[in-house]
Amino acid sequence: MSLHLGNGCSSCAILDGKSVDTSMGFTPLEGLVMGTRVGGIDPGVCIYLAEKCQMTVQEISDLLNKKSGLLGVSGVSNDLRTLLEKEKEGHAPSTLAIHIFAYKAAQSVGKMMVALPHLDALVFTGGIGENSPAMRARIVGHLQCFLLFLDPDANHTHGKATGGFIQSPASPVKILVISTQEEWLIAQEMVVLTSAISLEP
């Protein structure tokens, strides 16, 4: 199971090296709560905004894509680091935004589980997934029913001394932090694509 958490977020169930399910949908809006994107919601919300709030299609699109998620709930920022600092100051909306983000990510892991025979490993990646021990701890805290447990020290240091592994000895499921390699993957795909294109007139 992969959790890509950043300003954009998604979960992915992987079996034999292939994606078999994902939280992503027709657009990047679907799935997890993100920095400014709303994530999965009742489609009736859009109808309500149009009929009751007299919002245009463009206004609704801007709201769901650019003014929702961590930013919309907290009313402060789409940056998790800022919200964690605001939480320390007792800012309740920031605490709520952080809780929703963690809960929805954990909930997505539970939903993706039905696509797999069993769970071997949970991988955290992306800006938040790679760099926020606090968010990883909150997410895994919701997943103890699946026998996932963190090692606090390894989690705090992003698994740098343990080959990326951050699970505790009590966790039969591996938990890892793996750096995202999006540019490398795009380059690979472009090589395959361009090599398949004939240069003959």
Side-chain angles (χ1 to χ4, degrees), residues 1-25 28-35 37-41 69-70 73 79-81 83-84 87 95-186 188:
M1 191 78 64
S2 172
L3 277 178
H4 182 110
L5 306 175
N7 204 42
C9 302
S10 65
S11 61
C12 183
I14 302 165
L15 181 63
D16 296 330
K18 296 181 180 180
S19 169
V20 292
D21 200 359
T22 178
S23 62
M24 294 180 285
L29 277 178
E30 176 65 0
L32 283 63
V33 173
M34 308 178 211
R37 296 187 187 119
V38 67
I41 58 169
L70 290 175
V73 176
D79 192 318
L80 179 65
R81 294 166 295 185
L83 301 187
L84 289 169
E87 182 182 41
T95 298
L96 178 61
I98 293 167
H99 170 74
I100 292 173
F101 186 96
Y103 181 79
K104 288 296 185 180
Q107 185 183 58
S108 184
V109 171
K111 291 171 65 176
M112 295 289 109
M113 282 286 290
V114 301
L116 299 173
H118 57 271
L119 183 61
D120 295 309
L122 175 64
V123 174
F124 285 96
T125 190
I128 293 174
E130 294 172 37
N131 300 304
S132 179
M135 183 53 70
R136 290 195 298 262
R138 289 176 193 241
I139 292 170
V140 174
H142 289 298
L143 296 170
Q144 293 184 8
C145 58
F146 294 117
L147 302 180
L148 282 93
F149 305 100
L150 285 177
D151 179 305
D153 293 332
N155 182 46
H156 181 70
T157 58
H158 312 294
K160 290 181 179 177
T162 56
F165 293 97
I166 59 173
Q167 78 278 356
S168 78
S171 180
V173 179
K174 304 299 184 185
I175 308 174
L176 300 95
V177 177
I178 297 179
S179 177
T180 301
Q181 300 289 337
E182 294 167 299
E183 293 85 358
W184 176 75
L185 184 58
I186 292 170
Q188 277 192 317

Distance-only donor-acceptor hits, side chain of residues 102-118, under 3.5 Å, sequence neighbours excluded:
{"residue": "K104", "atom": "NZ", "partner": "Q107", "partner atom": "OE1", "Å": "3.4"}
{"residue": "S108", "atom": "OG", "partner": "S11", "partner atom": "OG", "Å": "2.4"}
{"residue": "H118", "atom": "NE2", "partner": "D120", "partner atom": "OD1", "Å": "3.0"}

CG on L83 to NE2 on H99, rounded to 0.5 Å: 14.5 Å
Residue pairs involving residues 157-175 (criterion side-chain hydrogen bond (donor to acceptor under 3.5 Å, both in side chains); sequence neighbours excluded): R136-H158
Can you list, pair by pair, the side-chain donor-acceptor contacts under 3.5 Å of residues 138-154, counting residues two or more places apart and other chains?
{"residue": "R138", "atom": "NH1", "partner": "E87", "partner atom": "OE2", "Å": "3.4"}
{"residue": "R138", "atom": "NH2", "partner": "E87", "partner atom": "OE1", "Å": "2.7"}
{"residue": "R138", "atom": "NH2", "partner": "E87", "partner atom": "OE2", "Å": "3.4"}
{"residue": "D151", "atom": "OD1", "partner": "D153", "partner atom": "N", "Å": "2.9"}
{"residue": "D151", "atom": "OD1", "partner": "A154", "partner atom": "N", "Å": "3.0"}

Pairing residues for R37 by the side chain to side chain donor-acceptor pair (under 3.5 Å) criterion, not counting sequence neighbours: none
Test side-chain contact (heavy atoms from CB on, under 4.5 Å) applied to D79 - qualifying residues, sequence neighbours left out: S77, R81, T82
Partner set under side chain to side chain donor-acceptor pair (under 3.5 Å) for D21, not counting sequence neighbours: none
side-chain contact (heavy atoms from CB on, under 4.5 Å) partners for S10, two or more places apart: H4, S23, M24
Residues I41, L29; criterion side chain to side chain contact (heavy atoms under 4.5 Å, CB included); working and verdict: CA-CA 9 Å; I41 58 169; L29 277 178; over 6 Å; no
From CZ (F101) to CD1 (I128), nearest 0.5 Å: 4.0 Å
Side chain to side chain donor-acceptor pair (under 3.5 Å) involving T180 - partner list, sequence neighbours excluded: T125, E130
Listed partners of V123 passing side-chain contact (heavy atoms from CB on, under 4.5 Å), at least two apart: L176, I178
Closest contact, heavy atoms only, L84 versus S132: CD1-OG, 4.2 Å
P133 backbone acceptor or donor facing N155 side chain under 3.5 Å: yes
Side-chain heavy-atom pair N131, L80 within 4.5 angstrom cut-off: no
Spatial distance of atom OG1 (T22) from atom CD1 (I14) [nearest 0.5 Å]: 9.5 Å
With I186 via side-chain contact (heavy atoms from CB on, under 4.5 Å) - residues at least two apart: M190
